[in-house]
Number of protein chains: 2
Amino acid sequence: MNTPDDDWLRLDQQICFSLHAASRAFNSVYRVILKDLGLTYPQYLVMLVLWEHDELPVKKLGEHLRLDSGTLSPLLKRLEAAGLVRRERSARDERSVEVRLTEEGTALRQRALQVPRRIAASTGFGPEEVRTLRAHLDELTTALDAAALTGTPGDSPADGRS
Amino acid sequence: MNTPDDDWLRLDQQICFSLHAASRAFNSVYRVILKDLGLTYPQYLVMLVLWEHDELPVKKLGEHLRLDSGTLSPLLKRLEAAGLVRRERSARDERSVEVRLTEEGTALRQRALQVPRRIAASTGFGPEEVRTLRAHLDELTTALDAAALTGTPGDSPADGRS
DNA sequence: CACAATTAAGTTGCGCGCAATTAAATGACG
DNA sequence: CGTCATTTAATTGCGCGCAACTTAATTGTG
């Protein structure tokens with residue numbers, strides 16, 4: 001049995017679909033837990049970064065999260081409207097916008113400390129399993145990023161087999 | 001060392017963030033590859049299901065993909081506008097809408113057969129690794145789904161202290 | 001039969017995520 | 001010095017994903 005094309009389409013569904021589904025399931029659990037904090041899942045990720053570097057330009061924030069200004073600008077506006085963050089043009093480089101935690105934003109960290117525990121409980125995974133999964137995912141992301149950069153793999157009309 | 005709360009927040013970022021990033025990286029690679037077919041990634045998932053059951057109600061489609069009509073209705077409209085799909089009210093149950101592939105939609109399958117191969121090449125993962133990762137992700141999704149249903153985990157309402 | 005409960009799609013509103021574009025500031029170079 | 005390329009945010013447009021609601025058909029119950 002040499003996995004005919006028909007089976008490939010089925011297999012494929014399971015790979016990408018598993019990731020898609022897991023991501024949404026995670027999102028769903030986070031949504032419930034983060035509701036108390038008044039944060040969305042991506043907003044929480046931004047706050048995590050800010051709690052570690054409590055002032056940094058939008059550019060750097062984007063690099064940490066792999067997000068661009070098209071996503072971050074409106075998101076940060078909402079965080080600012082919520083009083084968690086302040087945005088101000090850098091004095092030395094007027095192009096840059098520095099994002100800084102407010103007192104309230106800093107304070108929220110205390111309430112966020114319980115989140116990881118609750119999430120971990122939801123997964124039912126032990127530290128070991130989490131570590132393994134995370135390693136695999138990071139490996140996957142790295143490979144995919146590389147593939148995205150080096151032109152589309154298998155796309156090259158001239159290219160033979162890779 | 002008993003992993004203080006401070007470290008938990010850092011760890012947490014890596015778990016959820018890894019999944020988030022991997023999902024988007026995958027999405028990004030699919031976007032490029034699916035561009036040729038004129039499909040988005042979720043539309044591709046829908047087509048995958050339809051290529052296996054070439055006629056089924058929106059409800060069933062949603063069960064396969066874990067999506068509700070709020071997401072599927074507009075998506076299916078676009079697929080219909082693209083000529084890949086036809087939607088018609090079921091005769092025996094007027095509430096239900098049957099989704100069926102058009103000739104064009106069925107034909108597209110041939111062009112889609114190359115997609116899994118190209119994706120697989122992008123990941124750099126072998127069949128074995130894929131299988132393992134998929135198993136872990138499915139396990140994760142199952143656990144998260146269960147947690148989402150059985151009320152919020154770790155939310156212990158009994159413990160008054162907050 | 002009448003009438004409430006249930007079920008299936010659709011609609012609306014909001015927040016991402018990303019491509020593409022715009023605007024402003026900075027830097028490089030002749 | 002002026003011109004042009006680069007960098008940084010912001011904006012626009014589109015497609016998910018989901019909660020909440022609406023509409024219409026079906027089922028269940030008296």
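In what follows, chains carry the letters A, B, and so on, assigned in the order in which the sequence lines appear, proteins first and then strands, with residues in each chain numbered from 1.
- The list of ring pair (Phe, Tyr, Trp, His ring centres under 6.0 Å) pairs with a residue in residues 75-130 of chain B, not counting sequence neighbours, is empty.
- The side chain to side chain donor-acceptor pair (under 3.5 Å) search around A:Arg66 returns A:Asp145, not counting sequence neighbours.
- Listed by chain and residue number, nothing satisfies the side chain to side chain donor-acceptor pair (under 3.5 Å) test with A:Asp54 (two or more places apart in sequence, or in another chain).
- A 6.0 Å sphere centred on CZ of A:Arg86 holds no more than 12 heavy atoms belonging to other residues, nucleotides or ligands.
- At a threshold of 4.0 angstrom between heavy atoms, the contacts of A:Leu75 are confined to the sugar-phosphate backbone, with no base atom among them.
- Sorted by residue number, the list of members of residues 43-52 of chain A with any non-hydrogen atom under 4.0 Å from DNA chain D is empty.
- Contact detail for B:Met47 and B:Gly105: the closest heavy-atom pair is CE-O, 3.8 Å.
- Scanning for side-chain contact (heavy atoms from CB on, under 4.5 Å) contacts around B:Glu94 gives B:Arg89, with sequence neighbours left out.
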Identify every side-chain donor-acceptor pair in residues 70-85 of chain A under 3.5 Å, counting partners at least two apart or on other chains, and give the distances.
{"from": "A:Ser73", "atom 1": "OG", "to": "A:Ser69", "atom 2": "O", "distance (Å)": "3.1"}
{"from": "A:Glu80", "atom 1": "OE1", "to": "A:Arg87", "atom 2": "NE", "distance (Å)": "3.2"}
{"from": "A:Glu80", "atom 1": "OE1", "to": "A:Arg87", "atom 2": "NH2", "distance (Å)": "3.3"}
{"from": "A:Glu80", "atom 1": "OE2", "to": "A:Arg87", "atom 2": "N", "distance (Å)": "3.2"}

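- Counting non-hydrogen atoms under 4.0 angstrom, A:Lys60 reaches nothing in the nucleic acid.
- B:Asp12 is linked by a side-chain contact (heavy atoms from CB on, under 4.5 Å) to A:Tyr30, A:Tyr44, A:Leu48, A:Pro116, A:Ile119, B:Cys16, counting only residues two or more places apart in sequence or in another chain.
- The separation between B:Leu61 atom CG and C:dA8 atom C1' is 13 Å, rounded to whole Å.
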Which donor-acceptor pairs under 3.5 Å do the side chains of residues 132-143 of chain A make with protein atoms, sequence neighbours left out?
{"from": "A:Thr132", "atom 1": "OG1", "to": "A:Glu128", "atom 2": "O", "distance (Å)": "3.1"}
{"from": "A:Arg134", "atom 1": "NH1", "to": "B:Gln14", "atom 2": "OE1", "distance (Å)": "2.8"}
{"from": "A:Asp138", "atom 1": "OD1", "to": "B:Ser18", "atom 2": "OG", "distance (Å)": "2.8"}
{"from": "A:Thr141", "atom 1": "OG1", "to": "A:Leu137", "atom 2": "O", "distance (Å)": "3.0"}
{"from": "A:Thr141", "atom 1": "OG1", "to": "B:Ala22", "atom 2": "N", "distance (Å)": "3.4"}
{"from": "A:Thr142", "atom 1": "OG1", "to": "A:Asp138", "atom 2": "O", "distance (Å)": "2.8"}

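- With rounding to whole Å, B:Leu34 atom CG is found 15 Å from C:dC18 atom P.
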Between the protein and nucleotides 19-28 of chain C, list the N/O to N/O atom pairs that are separated by less than 3.5 angstrom.
{"from": "C:dT26", "atom 1": "OP1", "to": "A:Glu94", "atom 2": "N", "distance (Å)": "3.4"}

Which donor-acceptor pairs under 3.5 Å do the side chains of residues 56-65 of chain A make with protein atoms, sequence neighbours left out?
none

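- A distance of 11.5 Å separates CG of A:Leu113 from CZ of A:Arg111, quoted to the nearest 0.5 Å.
- Remark: side-chain polar atoms of A:Trp51 are not paired, donor with acceptor, to backbone N or O of B:Leu9 under 3.5 angstrom.
- Checked against the 6.0 Å centroid threshold, B:His20 and A:Phe26 do not count as a close aromatic pair.
- Nucleotides of DNA chain D that come within less than 4.0 Å of any heavy atom of chain B span, from the 5' end to the 3' end, D:dG15 to D:dT26.
- Residue A:Asp145 contributes atom CG, which lies 14 Å from atom C1' of C:dC18 at whole-angstrom precision.
- Taking every heavy atom of residues 16-25 of chain B and every atom of DNA chain D, no pair lies under 4.0 Å.
- Nearest-nucleotide positions on DNA chain C for B:Val97 and A:Pro74 put B:Val97 closer to the 5' end.
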